[in-house]
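Note sheet for the following structure.
In listed order, ligands and their atoms are each counted from 1.
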Amino acid sequence: MKVHLKSNVYWVGKIDWELQSFHGDDYSINHGSSQNAYLIQEEKTILVDTVWTPNTTEFLDNLKKEIDLKDLDAIIVQHGEVDHSGSLPALMAERPDLPIYCTANGVKSLTGQFHHPEWDYRVVKTGDTLDVGNGKSLVFVEMPMLHWPDSMASYLTQDNILFSNDAFGQHFAVGELFNDKADQCLLMEEAIKYYANILTPFAPIAKRKLQEVISMDLTIDIIAPSHGVIWRDNPLQIVEKYVEWSDAYQEDQITIVYDTMWDGTKKLAHRLALEIAELSPDTVVKTYNVALTDKNDIITEVFKSRAIAVGSPTVGNDILSSVAGWLYFLKELKMKNKQAAVFGCYGWSGECTKVLREKLTEAGFSVVEPEARVNWVPTEDQLSEMKAIAQALV
Ligand code: FEO
């Protein structure tokens, strides 16, 4: 199956309705995903990226229905991660002479993963071009850390298509492929989830790169990422979102994240939500038990928040492993410009709030002074003390 984008450009990827997770099990996929590869059939026939390794046979069989592999002039490998390069070894087995256009870091990641230093690598850097015939060319733009050091984007002149690879993608399956055919609410939820959980650590780099690409003043009719929808209806809308998201993004939202053993800490969490809602009715307040909720969805809510509160009871002089594991992931994401508060119950030693405070500070949050550290089960008086935390966060 190939799907027409514009002129002589086609999608030849894989819509993966059954995919449940990504990066091992580190990213939940709730609405399918896709690995988008593209075929340019001008005077030269160029493949842009491939698909994930398990889909290789289907991918190559489909490609062979469209072209004779002998007619391929080059492959552009925009990123070495195997969701895009996984079918490369099988393709190269059939066309070992095929030129591979990639960045210098692309050579490192591809040889490191596939161990074929003899492949015909053509190293490109920002501004380099590849003539595809009929007066058109591909212009390459290095996109280091969006998502790996090897990442790059490619811009097809005249057709004004930006093949952006991971940037501007989503793990979201849409059968009709284009953004105007997608459920718009789900699309933006999946786009922000993808940004929050995968690209947030690289926000300063993303911000600089976006400015660089914007300053190139390219006419962009289509943004064709390597996951999810192809942006053809107002494609710059997702660029505008990335500009917002890469600049210490926050909405008027406070998210409460906790786990509990015998419901004491749960009582504190829910009382805090009520106090915030009373003090600031316009603020969106969301409360999640971290042990029961998809960790990536909570991260998305934290990304949207201006403040969070994290609660755990004390256990073994420390905090619950569910909260500790989630905080480890949170730290990895390097979120900026957010406040936090801590709370928890204890029976005897009571280290929970101290540990939570340390972990959140390490994760880059500004932790407010008021906290709730309650011996045994909170009384009504102790619950009413959650108001002080609410006031500090609001
Ligand atoms: Fe979609 Fe970084 O791979």
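- With sequence neighbours left out, Thr287 forms a side-chain hydrogen bond (donor to acceptor under 3.5 Å, both in side chains) with no residue at all.
- Neighbouring protein atoms of atom 2 (Fe) of ligand 1 (N, O or S, distance under 2.8 Å, waters ignored): His79 NE2, Glu81 OE1, His147 ND1, Asp166 OD2.
- Under the rule for a side chain to side chain contact (heavy atoms under 4.5 Å, CB included), the partners of Gln250 that lie at least two apart in sequence or sit in another chain are Arg306, Asn337, Lys338.
- Within the 3.5 Å criterion, the main-chain N or O of Thr219 finds a donor-acceptor partner in the side chain of Tyr155.
- Every residue two or more places apart in sequence or in another chain that forms a ring-ring contact (aromatic ring centres under 6.0 Å, His included) with Trp119 is listed here: His116.
- Salt bridge status for Glu142 with Lys125: absent, with no side-chain N to carboxylate O gap under 4.0 Å.
- Taking CD from Gln339 and CZ from Phe365, the interatomic distance works out to 11.0 Å, rounded to the nearest 0.5 Å.
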